[in-house]
Every structure is written in C-alpha cells, then in structure tokens.
Amino acid sequence: MNSIVEAVYYHAQRQPERTAIFFEDRAINYRQLYNDVEDFARGLLAYGVQSGDRVALLLENCPAFVVAYLGTQLAGGIVVLVNTQYRQGELSHILNDAGVQLCVTSAAGRESLQHLAVPTLTTLVIMDEAKGPASWRTIDLASGADVNAANAHVQSHTLTLPTPEAPAVIGYTSGTTGRAKGALLCQRNLTSNIAAITTAWRWTPGDHLLLTLPLFHSHGLMVGMHGTLFNGASVTLRRKFVAADILTTLHNDPTITLFFGVPTMYSRLLAEARQQGIPAHLPRLFVSGSAPLSAQMFNDFEHTFGQRILERYGMTETIMNLTNPYEGERRAGTVGGPFPGQEARVVDTQTRQPLPAGESGEIEVRGPHVFVGYWQRPEATAEAFDSNGWFKTGDLGWCSNDGYFTINGRARELIISGGYNIYPREVEDMLETHPDIAEAAVVGLPDSEMGEQVVAVVVAKAGHRPPSATDIIAFCREQLASYKKPRQVVFVDKLPRNALGKVQKHLITRQLHSA
Ligand code: MLC
Ligand code: AMP
C-alpha cells in the first residue's frame with residue numbers, strides 16, 4: 001500500500017459495505033468514504049489546486065476532516081494540520097510559514113481566519129457538517145465570491161493515487177526558539193509506520209477503535225485514524241473526550257476492541273470508574289502516549305480495570321518510535337523498544353557516541369518512518385540528523401539490558417500538559433508584550449491531572465501598577481491557545497541569572513518546589 005488514500009480505495013473495492021467511521025448518528029462505509037474523498041479531490045482540482053500546494057485543515061473531529069485530509073492528498077496537495085484552539089498569532093505564523101493556498105474549515109473557523117493577513121491564501125472551503133462530509137462551499141478571498149454547488153462541474157478531472165515519496169502532511173512542532181516549525185512527512189513515512197504499528201499491536205480488519213483524541217495531532221490522526229483506514233477496520237469518532245461517555249460507550253458496545261489516550265484521559269477514566277463502575281466489556285488493548293504515564297497510574301489502572309496499559313513513545317517528526325510489547329511484559333515507567341523495521345539508540349549528548357545499556361543520554365531514532373525535514377528550514381533539518389541518518393529526538397533516556405527504553409528528561413525546554421506541548425519561550429515572549437511586565441520566565445511544575453502545569457514567574461515594570469495574576473492569565477488566554485496559559489503566576493523582584501545573563505530556570509523551579 002503506497003498511501004493511506006490507496007488503502008481506503010482498496011477497502012472500498014474489497015469490503016464496500018464495511019463501516020469505516022461511526023460518528024454521532026452516522027455510519028460511513030468504505031464505499032461512501034472513498035466516493036466522498038474522490039469528490040473532494042476533484043473539487044480541489046477544479047478550484048485550481050496544484051501538486052504540492054499546501055492546504056490547511058482547521059476543523060474539529062468529524063468525518064469531513066477525514067474526507068478533506070485524504071481528498072487533499074489524492075489531489076496532490078500537502079495537508080497542513082492546525083490545532084483549532086490556536087489564536088490569531090499562532091494561526092498567522094503557521095499559515096504564512098507553510099504558504100497555505102487554501103484552508104478547509106467550518107463556519108466557526110471562518111471567523112477566526114477573517115482578520116488574518118496571509119498573502120498566499122486565496123480560497124476557503126467551508127465544510128457543511130450538517131449536510132454530511134461531502135458537502136461544502138468555496139469562498140474566493142480575492143473577489144469574496146461564494147461558489148456553491150461545488151460538485152457540479154468537477155467530474156472531468158482524473159485522479160492519480162499518491163506515490164510513496166509524495167509529500168503528504170505538515171505537522172507543526174517547536175524547538176527552543178518559540179516559533180513552530182513544520183515537520184514534513186511523505187506517504188512512505190505514514191504507511192511504513194502504520195504497517196509497523198499494525199504488526200506490533202496486532203491490528204486487524206475486525207478491530208473497532210474508540211477515538212476521542214484530536215485529529216489535528218499525530219496521536220489521533222496518524223495512529224488512530226491511519227490504523228483504522230490502513231487495516232479496513234472501524235472507528236467510532238468523538239468530537240471530544242468525556243470520561244463518562246467513554247465508560248458508557250464501552251459498556252454498551254462490545255464490538256470496541258481498542259482505546260488510545262494520553263495519561264490525563266486514563267486518570268479521568270479511573271476517577272470516573274470509581275463513580276460509575278467498570279464497563280461490562282473492555283477493549284482488548286488500551287494504549288497510552290504523548291506524555292509520560294506514571295508507574296502509579298499504570299498500576300492503579302491494572303488494579304481497577306484488570307488490564308495493563310501498553311505505553312508507547314512518539315513525536316510529530318517520526319510518528320511512533322518505541323512500544324511496549326503486545327504479548328511480552330508491559331513494563332511500567334518504560335516505553336519499550338523500537339517498532340519492527342525501525343531503530344533506536346541512546347547517545348552521549350556531548351560526544352554523540354552510542355552509550356551502553358543503563359547509561360542515560362539522548363534518544364536517537366532511524367528508519368522509514370522518520371520525516372523528510374522541516375518545511376523550508378534546511379539548517380534546522382541538517383542539525384536534527386547526524387551523518388548516518390540518525391534523528392536526534394531531544395528526549396533523554398536510557399535502555400535496559402533487555403531492550404526497554406525509559407524516558408527521563410528532555411534536552412529541549414518543553415512542558416507537556418495533558419498531552420499538549422507548550423514551549424516556555426513562546427509564553428515568555430507573549431508575557432513580555434504585556435505593557436506592565438518587564439520580564440518573565442515560564443517553567444513546568446508537576447500537576448496531578450495534566451502531568452505538568454505552566455507557571456509564569458513575572459517581574460513587573462518599574463513605576464507601573466503590577467498586574468494581577470488573573471489579568472495575566474486572561475491576557476495569555478486571549479493571545480495564545482488556551483492550554484498554554486499559566487495556571488499560576490508568581491511575582492518576583494528579579495529573575496535569577498548567571499554571569500552571562502542567562503535566566504537560571506533550574507533555580508526558579510527549585511524555589512517553586514520548596515515554596
Ligand atoms: C484543555 N485545557 C488544557 C488542556 N486541555 N489545559 C492544559 N493542558 C491541556 N492539555 C483547558 C482548555 O484550554 C480550557 O481552558 C479548559 O481546559 C477546558 O477545555 P476542554 O477542551 O473542555 O478540555 P478537555 O476536553 O478536558 O481536555 C483535556 C484533554 C485534552 C486531555 C482531553 O487536553 C486532549 O485531548 N489532550 C490530547 C492532546 C493530544 O492529542 N496530544 C497528542 C499530540 S501528538 P479555558 O481557559 O478555555 O476554560 C504527540 C505524539 C505522540 O504528542 O507521541 O503521540
Ligand atoms: P510532539 O512533538 O507534539 O509530537 O510531542 C512529542 C513529544 O512528546 C516527545 O518528544 C516526547 O517528549 C513526548 N512523548 C511522547 N510520548 C511519550 C511517552 N510515552 N512518554 C514520555 N514522553 C512522551
């Protein structure tokens with residue numbers, strides 16, 4: 001299979017009646033899904049989308065997301081994934097950086113795009129969810145013309161399935177600079193990784209996944225949705241995660257065999273199960289990732305649900321890297337070993353030489369799943385790889401004698417809250433634009449529900465009325481995706497700096513811990 005869309009084409013021929021996606025009161029079978037994808041692709045070609053054009057998706061979880069995602073790739077476009085919580089600054093950066101020509105969104109998304117200056121963006125496609133995934137209208141931004149009946153004149157375009165090397169999708173992720181970089185993945189990256197996941201987790205056409213993760217990140221899309229479509233299996237897709245709904249759904253639907261989540265979801269499922277009880281039916285496999293799953297949570301879950309969660313480790317640039325075994329020991333606090341056909345090792349952060357088992361360093365990975373490079377950033381791409389093609393993940397850890405990796409830190413500054421990544425520098429830069437703030441440092445502190453929480457340490461401007469913590473949090477919430485806002489604000493007279501003037505975050509973190 002050379003692409004995910006080819007997998008859908010294949011299953012539409014072999015098992016057209018099989019349901020691909022259950023969503024609210026709809027069941028979309030493989031025939032319908034592939035027809036909708038073709039219609040959408042022809043629509044894009046009719047509006048002038050050319051091979052390699054970037055098409056952003058700004059959509060919540062719904063079947064239209066899947067149709068637009070696959071349809072864009074079938075038309076030769078590159079999908080740009082966008083978190084729907086992003087505010088103007090984040091949207092503007094991503095759409096401009098990727099040079100997006102067309103954005104597929106909803107009526108709500110249209111409003112957030114209204115005031116953005118994106119010179120390359122010519123067209124908006126507004127999906128009409130009420131009428132089903134194949135219904136949309138197109139707005140030409142130059143003329144303001146609203147073009148209806150999109151499907152009427154598009155039958156003439158011939159469609160070609162993507163090749164393995166075809167650029168498929170760009171996911172935005174950040175480094176220490178605070179500005180997100182686009183990680184470009186080609187079809188081969190997507191298919192090789194999902195084939196490896198399929199083997200490792202024994203995914204079969206008979207599987208049925210309950211999916212509540214957002215589709216705009218790799219966990220929901222490139223593991224959950226790709227795995228389903230690649231295997232000709234089924235997914236029940238939810239708009240969002242609600243713990244009570246998950247337990248009720250599992251209780252009522254014995255066909256569900258898989259559930260994937262971030263640790264925060266498992267913590268909420270446990271709390272809910274204490275109220276509601278354990279569902280009568282449980283999936284054969286619970287998977288956790290995107291953030292560390294504590295050994296305590298692993299054990300509590302096993303105690304309550306009678307199942308050992310399978311923890312795995314991935315990232316936007318590589319999709320899935322390491323996994324605990326399906327059949328062997330799922331070891332708490334570890335992320336297991338490489339997926340089939342992929343490699344991983346631990347190197348010394350200074351010498352970059354491989355380290356023996358038991359010694360901590362940076363985790364590097366290599367294989368067909370590793371991305372093509374950062375979008376239009378050859379220097380950042382070159383820096384991310386060594387001369388033998390090993391990708392430097394920026395995650396620190398060690399490997400046991402028997403091949404289990406443990407992640408124990410990060411080489412880059414990063415806070416992971418509820419599975420979402422937050423770059424302290426981005427929040428600091430935003431805080432420093434506040435008229436009453438002289439400088440700010442942002443750190444992550446442990447949080448029982450979210451894993452980590454964002455804490456801002458702030459120095460008020462001399463002679464200004466110091467702003468309140470509530471003002472500061474509201475200010476960040478207006479300017480940035482709301483999950484990036486500080487949960488706590490601590491006021492100080494000055495930030496601790498070393499002789500070179502660099503803020504000493506470890507001292508701040510230590511002080512906050514002991515406070
Ligand atoms: C929501 N909020 C968060 C938050 N999620 N705050 C901090 N951290 C988070 N993760 C805030 C919102 O901004 C909002 O604030 C308030 O909580 C309620 O919003 P909500 O949307 O109702 O929240 P909820 O549905 O409870 O979300 C919790 C969650 C969600 C755990 C379900 O965060 C989630 O879906 N996380 C998964 C993220 C994910 O898919 N990561 C994978 C990345 S890929 P306010 O102020 O507006 O009220 C990757 C690679 C890999 O990492 O290995 O998988
Ligand atoms: P992203 O770049 O948004 O895809 O986030 C990827 C990052 O999430 C990785 O680099 C890790 O730091 C973190 N991550 C993913 N899975 C795990 C895990 N199981 N345990 C610890 N950290 C994880």
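The figures here come from the full heavy-atom set of this structure, side chains too, leaving out hydrogens, waters and symmetry mates. For ligands, and for the atoms within them, numbers begin at 1 and follow the listed sequence. Keep in mind the model is a prediction, meaning the values are calculated, not measured.
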Among K484, R179, R87, which residue satisfies the salt bridge (charged side-chain N to carboxylate O under 4.0 Å, His left out) criterion with E426?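 Of the listed options, the one satisfying the test is K484.
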Within reach of ligand 1, part of [X] (heavy-atom separation under 4.0 Å):
| X | answer |
| --- | --- |
| E317 | neither |
| E449 | neither |
| R477 | side chain |
| H219 | both |

Flag: protein heavy atom within less than 4.0 Å of [atom]:
| atom | answer |
| --- | --- |
| atom 1 (C) of ligand 1 | no |
| atom 28 (C) of ligand 1 | yes |
| atom 18 (C) of ligand 1 | no |

Which residue and atom name correspond to the protein heavy atom nearest [atom], and how close is it?
| atom | value |
| --- | --- |
| atom 17 (C) of ligand 2 | A291 N, 3.6 Å |
| atom 14 (C) of ligand 1 | S482 OG, 3.6 Å |
| atom 36 (N) of ligand 1 | G418 O, 3.0 Å |
| atom 6 (N) of ligand 1 | R487 NH2, 2.8 Å |
| atom 4 (C) of ligand 1 | Y483 CB, 3.7 Å |
| atom 7 (C) of ligand 2 | G314 O, 3.9 Å |
| atom 7 (C) of ligand 1 | S417 OG, 3.1 Å |
| atom 21 (C) of ligand 2 | P292 N, 3.5 Å |

Which of the atoms in ligand 2, numbered in the order shown and given with their element, are less than 4.0 Å from a heavy-atom of [X]?
| X | value |
| --- | --- |
| T173 | 2 (O) |
| E311 | 18 (C), 19 (N), 20 (N) |
| S290 | 8 (O), 13 (C), 14 (N), 15 (C), 16 (N), 17 (C), 23 (C) |
| I416 | 8 (O), 12 (O), 13 (C) |
| V335 | 19 (N) |
| I407 | 20 (N), 21 (C) |

May I ask you to list the atoms of ligand 1 that are less than 4.0 angstrom from any heavy atom of [X]?
| X | result |
| --- | --- |
| K240 | 20 (P), 21 (O), 22 (O), 25 (O) |
| M265 | 32 (C), 35 (O) |
| R268 | 24 (P), 26 (O), 28 (C) |
| H217 | 43 (C), 44 (S) |
| S218 | 44 (S), 50 (C) |
| Q85 | 13 (O) |
| P214 | 35 (O), 40 (O) |
| L213 | 40 (O) |

For a quick check under 3.5 Å, do [X] and [Y] share a side-chain donor-acceptor pair by atom type?
| X | Y | value |
| --- | --- | --- |
| N252 | H281 | no |
| S290 | H219 | yes |
| Q376 | D97 | no |

Min side-chain heavy-atom separation [X]-[Y] under 4.5 Å:
| X | Y | result |
| --- | --- | --- |
| F391 | E317 | yes |
| D395 | E362 | no |
| R238 | D245 | yes |
| Y374 | E379 | no |
| T406 | S400 | no |

Cationic tip of R284 within the cone over F286's six-membered ring, i.e. under 6.0 Å and within 45° of the normal?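 Judged by the rule, R284 and F286 form no cation-pi pair.
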Is [X] in polar range of ligand 1, meaning some N or O pair under 3.5 Å apart?
| X | answer |
| --- | --- |
| Y313 | no |
| N421 | no |
| Y420 | no |

For ligand 2, is there an atom lying under 4.0 Å from some heavy atom of R312?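 The answer is yes, since R312 has a heavy atom less than 4.0 Å from ligand 2.
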Please confirm whether R412 comes under 4.0 Å of ligand 2, counting heavy atoms of the residue only.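 The answer is yes, since R412 has a heavy atom less than 4.0 Å from ligand 2.
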Residue part near ligand 2, for N421, under 4.0 Å between non-hydrogen atoms: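 The side chain, only.
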Counting only heavy atoms closer than 4.0 Å, does ligand 2 sit against the backbone of S288, its side chain, both, or neither?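 Answer for S288: neither.
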Run the side-chain hydrogen bond (donor to acceptor under 3.5 Å, both in side chains) test on Q276 and T248 for me, step by step, so that the C-alpha distance in whole Å, both residues' side-chain angles and the decisive distance to 0.1 Å come before the verdict. CA-CA 9 Å; Q276 198 182 318; T248 309; 3.2 Å; yes
Compare every heavy atom of L258 with every heavy atom of P283, then report the nearest pair and how far apart it is.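 In this case the closest contact between P283 and L258 is CB-N, 3.6 Å.
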Assess whether atom NE2 of H303 is packed by more than 12 heavy atoms of other residues, nucleotides or ligands within 6.0 Å.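 Not more than 12 within 6.0 Å, no.
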Between E311 and R331, is the closest basic N to carboxylate O distance under 4.0 Å?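 So R331 does not pair with E311 through a salt bridge.
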Which option, D395, L396, T393, owns the non-hydrogen atom nearest atom 9 (C) of ligand 2?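 Heavy atom nearest to atom 9 (C) of ligand 2 belongs to D395.
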Out of G419, C476, A291, S290, whose heavy atom sits nearest atom 51 (C) of ligand 1?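 It is S290 that holds the nearest heavy atom.
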Would E327 and R202 satisfy side-chain contact (heavy atoms from CB on, under 4.5 Å), going step by step from the backbone distance to the final call? CA-CA 10 Å; E327 264 124 21; R202 317 283 189 263; 2.4 Å; yes
Classify the angle between the aromatic ring planes of [X] and [Y] as parallel (below 30°), tilted (30 to 60°) or perpendicular (above 60°).
| X | Y | answer |
| --- | --- | --- |
| F259 | F241 | tilted |
| F385 | F371 | parallel |
| F216 | Y420 | parallel |

Starting at CD1 of I256, measure out to NE2 of H251 and round the result to the nearest 0.5 Å.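 Reported to 0.5 Å precision, the distance equals 12.5 Å.
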Using only atom types and a distance under 3.5 Å, with no angle test, would you say the side chain of T323 pairs donor to acceptor with the backbone of G336?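 Here the side-chain-to-backbone pair does not exist.
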Contact between K484 and ligand 1, counting heavy atoms under 4.0 Å?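 Flag not set, K484 not near ligand 1.
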Name the residue from L480, V427, L414 that meets the side-chain contact (heavy atoms from CB on, under 4.5 Å) definition with I422.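 For I422, the side-chain contact (heavy atoms from CB on, under 4.5 Å) check succeeds only for V427.
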